[in-house]
Amino acid sequence: MSIVRINQFQAAAGKEDELFHFLKSLNSYITSSKGCLSYEVLQNIDDAADFTVIEKWESVEAHQDSVSNFPQEDMEAAMSLFGGAPSGQYYTSGGSNA
């Protein structure tokens, strides 16, 4: 059964476009990661600094492997784009016993 990871990001003041392009630039890396089924970046219509990223994975472990293998220097370079700590949760459509 697949899982969905929903991530929330807030851009630093004046960094909305840069954060959007950074999140979009992750598409190739993420979608080529083993177990990734899809990756989508959404920007809030009413608040341009608010972003949601929806990822679909074969498993939680596949997502975690992808994150642990992402180049840390690339993430550190993007830290100035964030207006706060990103957050995310895992979801499934299988109910509580999934």
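A distance of 6.5 Å separates CD1 of Ile30 from CH2 of Trp57, quoted to the nearest 0.5 Å. Taking CD from Glu61 and OG from Ser66, the interatomic distance works out to 13.0 Å, rounded to the nearest 0.5 Å. The distance from atom CD of Gln89 to atom CD1 of Ile3, rounded to the nearest 0.5 Å, is 11.5 Å.
Nearest approach of Tyr29 to Asn69, heavy atoms of both residues: OH-C, 3.2 Å. Taking every heavy atom of both residues into account, Ser2 and Lys56 meet most closely at OG-CE, 3.2 Å. Nearest approach of Ala11 to Glu16, heavy atoms of both residues: CB-CA, 3.8 Å.
Hydrophobic clustering of Ile, Leu, Val, Met, Phe, Trp and Tyr side chains at less than 4.5 Å, counting indirect connections, keeps Phe82 apart from Leu42. Cluster membership for Tyr91 and Val41, using ILVMFWY side-chain heavy atoms within less than 4.5 angstrom, is not shared. Connection of Met75 to Tyr39 is established within a shared hydrophobic cluster, with ILVMFWY side chains joined at heavy-atom distances below 4.5 Å, either directly or through further cluster members. Linking Ile, Leu, Val, Met, Phe, Trp and Tyr residues whenever their side-chain heavy atoms come within less than 4.5 Å leaves Ile45 and Leu19 in two separate clusters. A single hydrophobic cluster is not seen to contain both Val67 and Val53; linkage of ILVMFWY side chains at heavy-atom distances under 4.5 Å, directly or through other members, places them apart.
Within the 4.5 Å cutoff, the side chain of Asp47 has heavy atoms near those of the Gln10 side chain. In this structure the side chain of Tyr90 reaches within 4.5 angstrom of the side chain of Gln64, judged on heavy atoms. Looking only at side-chain heavy atoms (C-beta outward), Ile54 and Val4 come within less than 4.5 Å of each other. At least one side-chain heavy atom of Ile6 sits under 4.5 Å from a side-chain heavy atom of Gln8.
Heavy-atom neighbours of Glu73 CD from other residues, nucleotides or ligands within 6.0 Å: above the threshold of 12.
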